[in-house]
Number of protein chains: 2
Amino acid sequence: MTARPTLADVAAHAGVSASTASLAFSGSGPVSDATKERVLAAAAELGYAGPDPRARSLRRGRSGIVGVVLEERVRSAFLDPVKIRTLDGIADGIAPLGAALLLLPFTGGESEGATIEDAPVDAVVLIGCSPRVEHSLEILRRRGIPTVAIEGGPTGDDVPDISIDNRDATRRGAEHLRGLGHRDVGVVTLPFDAERTSGPVDAALEARASTQVTIERLQGARDVYPEAPAVAAATSSIEDGRLAALLLLADASGRALPAEARPTAIIAQSDLLAAGVIHAAEELGMTVPGELSVVGFDGIRVDGLRHDLTTLDQPSTDKGRAAGEAVVRLLAGEPATSLAFTSTLHIGDTTAPPAR
Amino acid sequence: MTARPTLADVAAHAGVSASTASLAFSGSGPVSDATKERVLAAAAELGYAGPDPRARSLRRGRSGIVGVVLEERVRSAFLDPVKIRTLDGIADGIAPLGAALLLLPFTGGESEGATIEDAPVDAVVLIGCSPRVEHSLEILRRRGIPTVAIEGGPTGDDVPDISIDNRDATRRGAEHLRGLGHRDVGVVTLPFDAERTSGPVDAALEARASTQVTIERLQGARDVYPEAPAVAAATSSIEDGRLAALLLLADASGRALPAEARPTAIIAQSDLLAAGVIHAAEELGMTVPGELSVVGFDGIRVDGLRHDLTTLDQPSTDKGRAAGEAVVRLLAGEPATSLAFTSTLHIGDTTAPPAR
DNA sequence: ACGGGCGGTCGAATCGATTCGGGCGGCTCG
DNA sequence: CGAGCCGCCCGAATCGATTCGACCGCCCGT
């Protein structure tokens, strides 16, 4: 009795065949109530905890698990509210499947453990864009695993991509600033590459950029302000937003630049970055939006920020949910198509006409 | 050729037996380089993506997946930096296993999908304490799945519990305040129960409290200030901390109470709550620590907070790592024991002698 | 009273890989 | 030159459950 009992043991104990016992558990198939009850009683008596999920998934061909590839360290992904909302949406979208989420580590390659190369998943959602998406897609395609990408950049026809209007939305934010009269506008961008190079954005950095979202949003800003100086943040966080903003607003000694030498508005590529920009401005003694207008992106509620941020409200949760629903459709054998969501400009109290 | 090739197909294509092909893939066992290469070549030619993880895990008896039960909605867990750090630590601790993390939904009961009742996991880590832990433990014990709890309260001998000195640590924080001369101290607590009842803490609420951590930390404060008024926050967030603090510092109309009618210090049961307390104080025109001292708990760096919070630095990541290591030991058949970590009082710039 | 129909149960094949014992050559050493 | 040994590969059993087709009474209609 040391080993865990198997379905066969239960069946024997109940005096039925294994197949009948199986039917009694799965509920599908014709089994008389009396028999079912006897099987259940035998199971209880033997301490049988239900069919082994491993064996079941081998036979059924499905594991009931959906993988999520975060494309970066689990840790940093957890710090990004947008990713969290997206995860939340995915969980919601796949709810009808009753599947659990398996967090797959970034596809570094030589990590020895469970990766997309070798995980018992029925489908996978790739979040975020990076050069690795391509590689990941290849593996998944070879394994024949239905895949959905979120902001995955160009994927094949077989992989639906859920995205938003990054460029267009940012352009609308920039046009809002232009409408207010701003002429000198700076940009604080998300990371450009996997190395998270931070600092002023020059042609060289732009050239080797590998993060689709960053590029698209920068293009949107450049559509209105072609000459806008940009500074890349190392991560999408308040602190890195603050550091990036200081490069636009202060001199090397940390003193605020004279009003005519600094931008009157900053477009931040995420709300966390925008919050950091506001902190930097206030730290330098500037008022927001009096002396500096700030536009964010995402539409998250930054915990602790006491401003109603002007931002581009993106439906992160909806994106995740759409990805989850696409997964459900793919698993049902139905086609799923790419989908682009639209962000809406939310005008808060962090933008106003420039002082000069 | 529409179906995915199996190991047997590859073996046939390479002109070897299935067993040899298996050895060629797993690397273990004596296989000549020539044969191995031929098998790999055949695999490449057939588009074979490696052994099916389902079959492998059935045979091997291990799935390479460790489940994590968050005991609350995935969404809210993601918003708690301590949980995230803990997850991070777990990921680190189980790294030698090369296992992936499976997020299991709170054990609500009637959720139909993958739960701890039915998930292909080799081990499980239960995070957080709630009345449900008991139920979860029962299921896992029956399934014979090695389990480790974090702040799980009283578990059996077979389930190691990783915890910290909640009561003692809070007491030390309170003693620090007493040493500074504070006599009127308020407490902002974590939620008391699954319903997240918020507002002033009375005997009734305390009686039906089900969250171990909240109670222990409150006891620690009461050890020094038996009469301290307490207000429960709905969640561990800056905003709810702010709301709770307002109940201690302001009257119904939102105006600050006169200095002699309000506490000179507030003990918050988490750093997020503490940040909210500071926001509330500043909003009411009080200075920190001049007119209000604030002590937090956790020792996270609150993104955007411009104070060096006096807090009880708890090793969240270490806790997670210890849990992960306990999992590794359990899976290796070695015994793993409960472990209590110690928090250290970090004295920042948010505590000072009271003004009066 | 007899044949068809049907609900309920059982046998056996199957899912795909792993693993262990055995066997077959070839090489080495006496 | 022969026996022994070793390296490499194969066969077959196994992991535990699911599922499809077969089978067997029993009930009902005529």
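Proteins get letters first, then strands, A, B, ... in listed order; numbering begins at 1 in each.
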- On DNA chain C, nearest-nucleotide positions of A:Thr35 versus B:Arg56: which is more 5'? A:Thr35
- Examine distances only and state if a side-chain atom of A:Arg54 and a backbone atom of B:Pro120 form a donor-acceptor pair shorter than 3.5 Å. no
- Query: First contact, last contact: which nucleotides of DNA chain D are these for chain A, 5' to 3', heavy-atom distance under 4.0 Å?
  - Reply: D:dG16 to D:dT19
- Select base, sugar-phosphate, or nothing to describe what A:Pro30 touches, counting heavy atoms under 4.0 Å on all strands. base
- Query: When all nucleic acid strands are considered with a 4.0 Å heavy-atom cut-off, which category describes A:Ser19: base, sugar-phosphate, or nothing?
  - Reply: base
- Is the side chain of B:Arg56 donor-acceptor paired with the backbone N or O of A:Asp118 at a distance under 3.5 Å, no angle test? no
- If each of B:Arg38 and B:Arg59 is mapped to the nucleotide of DNA chain D with the nearest heavy atom, which maps nearer the 5' terminus, i.e. the 5' end? B:Arg38
- Query: Among B:Asp157, B:Asp161, B:Val159, which one satisfies side chain to side chain contact (heavy atoms under 4.5 Å, CB included) with B:Ser338?
  - Reply: B:Asp161
- Note on the structure: Judged by nearest nucleotide, the residue sitting upstream toward the 5' end of DNA chain D, B:Leu58 or B:Ala34, is B:Ala34
- Expected output: side-chain A:Arg329 to main-chain A:Glu334 donor-acceptor under 3.5 Å: no
- Contact class for A:Thr6 vs. all strands (heavy atom < 4.0 Å): base, sugar-phosphate, or nothing? sugar-phosphate
- Message: Heavy atoms only, 4.0 Å cut-off, all strands: where does B:Ser22 land among base, sugar-phosphate and nothing?
- Response: base
- Query: Hey, are the side chains of A:Ile164 and A:Glu151 touching, using non-hydrogen atoms and a 4.5 Å cut-off?
  - Reply: yes
- Please step through side chain to side chain contact (heavy atoms under 4.5 Å, CB included) for the pair A:Leu331 and A:Val327, ending with a clear verdict. CA-CA 6 Å; A:Leu331 287 178; A:Val327 163; 4.0 Å; yes
- Is A:Thr20 near enough to C:dC10 that one of its side-chain N or O atoms lies under 4.0 angstrom from OP1 or OP2? yes
